[in-house]
**Q** 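The structure follows.
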2 protein chains.
Amino acid sequence: MKQKKYNISVEATLEVIGGKWKCVILCHLTHGKKRTSELKRLMPNITQKMLTQQLRELEEDGIINRIIYNQVPPKVEYELSDYGRSLQGILDSLCAWGEIHIERVYGDKSEVLEESILNE
Amino acid sequence: MKQKKYNISVEATLEVIGGKWKCVILCHLTHGKKRTSELKRLMPNITQKMLTQQLRELEEDGIINRIIYNQVPPKVEYELSDYGRSLQGILDSLCAWGEIHIERVYGDKSEVLEESILNE
DNA sequence: TACTATAGGCACTTTAAAGTACCTATTAAG
DNA sequence: CTTAATAGGTACTTTAAAGTGCCTATAGTA
């Protein structure tokens with residue numbers, strides 16, 4: 001546990017949910033438990049490696065739980081932990097702001113949001 | 001204006017406030033207008049180049065206003081725009097969560113937050 | 001027997017983000 | 001006539017983030 005020094009508390013938040021994928025993963029998990037393959041399908045552009053890597057880090061930080069079913073082929077589910085759920089409000093706001101921003105910039109969100117997510 | 005495709009709306013948000021510095025800059029601006037040199041002092045580890053670059057991008061996205069005073073030596077101030085203020089709630093929550101997280105991980109926040117910011 | 005599905009490991013490469021170093025302009029003060 | 005202060009530009013380099021390709025295990029099915 002290296003003693004980092006932060007100049008402002010938001011830096012600590014960014015260490016946990018920063019980067020290209022973590023917020024996206026977490027936003028999906030706000031809608032409930034998800035299997036690895038479901039997450040992969042929801043994020044067509046993420047690579048297997050990045051998905052696993054980000055999930056590991058979120059688990060290490062206590063944000064998500066990893067649920068392993070003893071089956072073949074393997075089944076693993078991820079869900080927000082209790083602690084992770086303390087981010088729910090932020091995640092919801094981030095998604096909501098994104099929608100507002102898309103409408104502001106592009107007018108019609110259906111032009112920039114993949115259909116797959118429009119009807120969900 | 002390239003028509004990006006997002007798989008989830010939060011990706012649009014991250015395009016605007018993602019990266020290492022933007023949230024930090026914006027959090028400082030939630031406390032009011034700041035000169036370039038003030039921002040630099042508040043973020044001892046940011047380089048001149050990154051500061052200017054991030055400020056330019058935030059301005060382009062309509063999040064902040066740049067106020068130029070016709071003086072020598074130059075004086076420039078930055079403030080949240082009306083649109084930027086729609087992020088205020090998110091920014092406050094991100095800071096608040098960071099404090100909670102620091103206390104959870106390190107116990108005492110005075111050990112990881114630079115003194116300069118503790119008494120502000 | 002070969003192939004599928006699922007979750008993931010690992011070495012290596014690429015790309016994008018960030019950092020470094022050095023440059024500009026202007027005016028006042030010493 | 002040199003220096004300080006402020007805000008910023010730009011070419012180049014470094015580093016960290018992300019991506020690619022190929023590998024594993026296992027039980028069931030065609």
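These numbers come from the heavy atoms of this one structure, side chains and all, not from hydrogens, waters or symmetry mates. In what follows, chains are A, B, ... by sequence order, proteins preceding strands, each numbered from 1.
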**Q** Just the rounded figure in Å: distance from C1' of dT6(C) to CD of Q71(A).
**A** 10 Å

**Q** Just how far, in rounded Å, is C1' of dA18(C) from CD of Q48(B)?
**A** 15 Å

**Q** With rounding to the nearest 0.5 angstrom, report the NZ to CD distance, K34(A) to E77(A).
**A** 9.5 Å

**Q** Given dG8(D), dG8(C), dA7(D), which nucleotide is nearest the side-chain atoms of R66(A)?
**A** dG8(C)

**Q** Between dA5(C), dT20(C), dA7(C), which nucleotide gets closest to the side-chain atoms of T47(B)?
**A** dT20(C)

**Q** Quick one: NE2 on H28(B) to CH2 on W21(B), what's the gap to the nearest 0.5 Å?
**A** 9.0 Å

**Q** What residues in residues 16-24 of chain B put a non-hydrogen atom under 4.0 Å from any atom of DNA chain D?
**A** none

**Q** Between S9(B) and C95(A), which heavy-atom pair has the shortest distance, and what is it?
**A** OG-O, 2.9 Å

**Q** Do we see a donor-acceptor contact under 3.5 Å between the side chains of Y6(B) and E15(B)?
**A** yes

**Q** Are K22(B) and E57(B) within salt-bridge range, i.e. N to O under 4.0 Å?
**A** yes

**Q** Specify the residues of residues 50-58 of chain B, ordered by number, for which at least one heavy atom lies under 4.0 angstrom from an atom of DNA chain D.
**A** T52(B), R56(B)

**Q** Taking all non-hydrogen atoms of both residues, which atom of I25(A) and which atom of L55(A) are closest, and how far apart?
**A** CG2-CD2, 3.9 Å

**Q** CG of L39(B) versus P of dT6(D): gap in Å, rounded?
**A** 14 Å

**Q** dA7(D) phosphate, OP1 or OP2: any side-chain N/O from R35(B) under 4.0 angstrom?
**A** yes

**Q** Just the rounded figure in Å: distance from P of dT6(C) to NZ of K49(A).
**A** 23 Å

**Q** Can R35(A) be said to sit on top of Y78(A)'s aromatic six-ring, NZ or CZ under 6.0 Å from centre and within 45° of the ring axis?
**A** no

**Q** So if I take every side-chain heavy atom of P74(B) and compare against dA7(D), dG8(C), dG19(D), which nucleotide ends up nearest?
**A** dA7(D)

**Q** Ignoring backbone atoms, test whether T36(A) places a side-chain nitrogen or oxygen under 4.0 Å from the OP1 or OP2 oxygen of dG8(C).
**A** yes

**Q** Could you state the CD-P distance from E38(A) to dA5(C), rounded to the nearest angstrom?
**A** 16 Å

**Q** Between P on dT6(C) and CD on E77(A), what's the gap in Å once rounded to a whole number?
**A** 13 Å

**Q** Specify the closest pair of heavy atoms between W97(A) and S86(B), including all atoms of both residues, with the distance to one decimal.
**A** NE1-OG, 2.9 Å

**Q** How do V72(A) and N45(A) order along DNA chain D: which one's closest nucleotide is nearer the 5' end?
**A** N45(A)

**Q** Minimum heavy-atom separation for L58(A) and V16(A), please, with both atom names.
**A** CD2-O, 3.8 Å

**Q** Determine, for R66(A) against E79(A), whether the closest basic-nitrogen to carboxylate-oxygen distance falls under 4.0 angstrom.
**A** no

**Q** How long is the line joining NZ of K34(A) and P of dT6(C), in whole Å?
**A** 16 Å

**Q** What is the separation between atom NZ on K75(A) and atom C1' on dG28(D), rounded to the nearest whole Å?
**A** 17 Å

**Q** Categorize Y78(B) for me: base, sugar-phosphate, or nothing, with a 4.0 angstrom heavy-atom threshold over every strand shown.
**A** sugar-phosphate

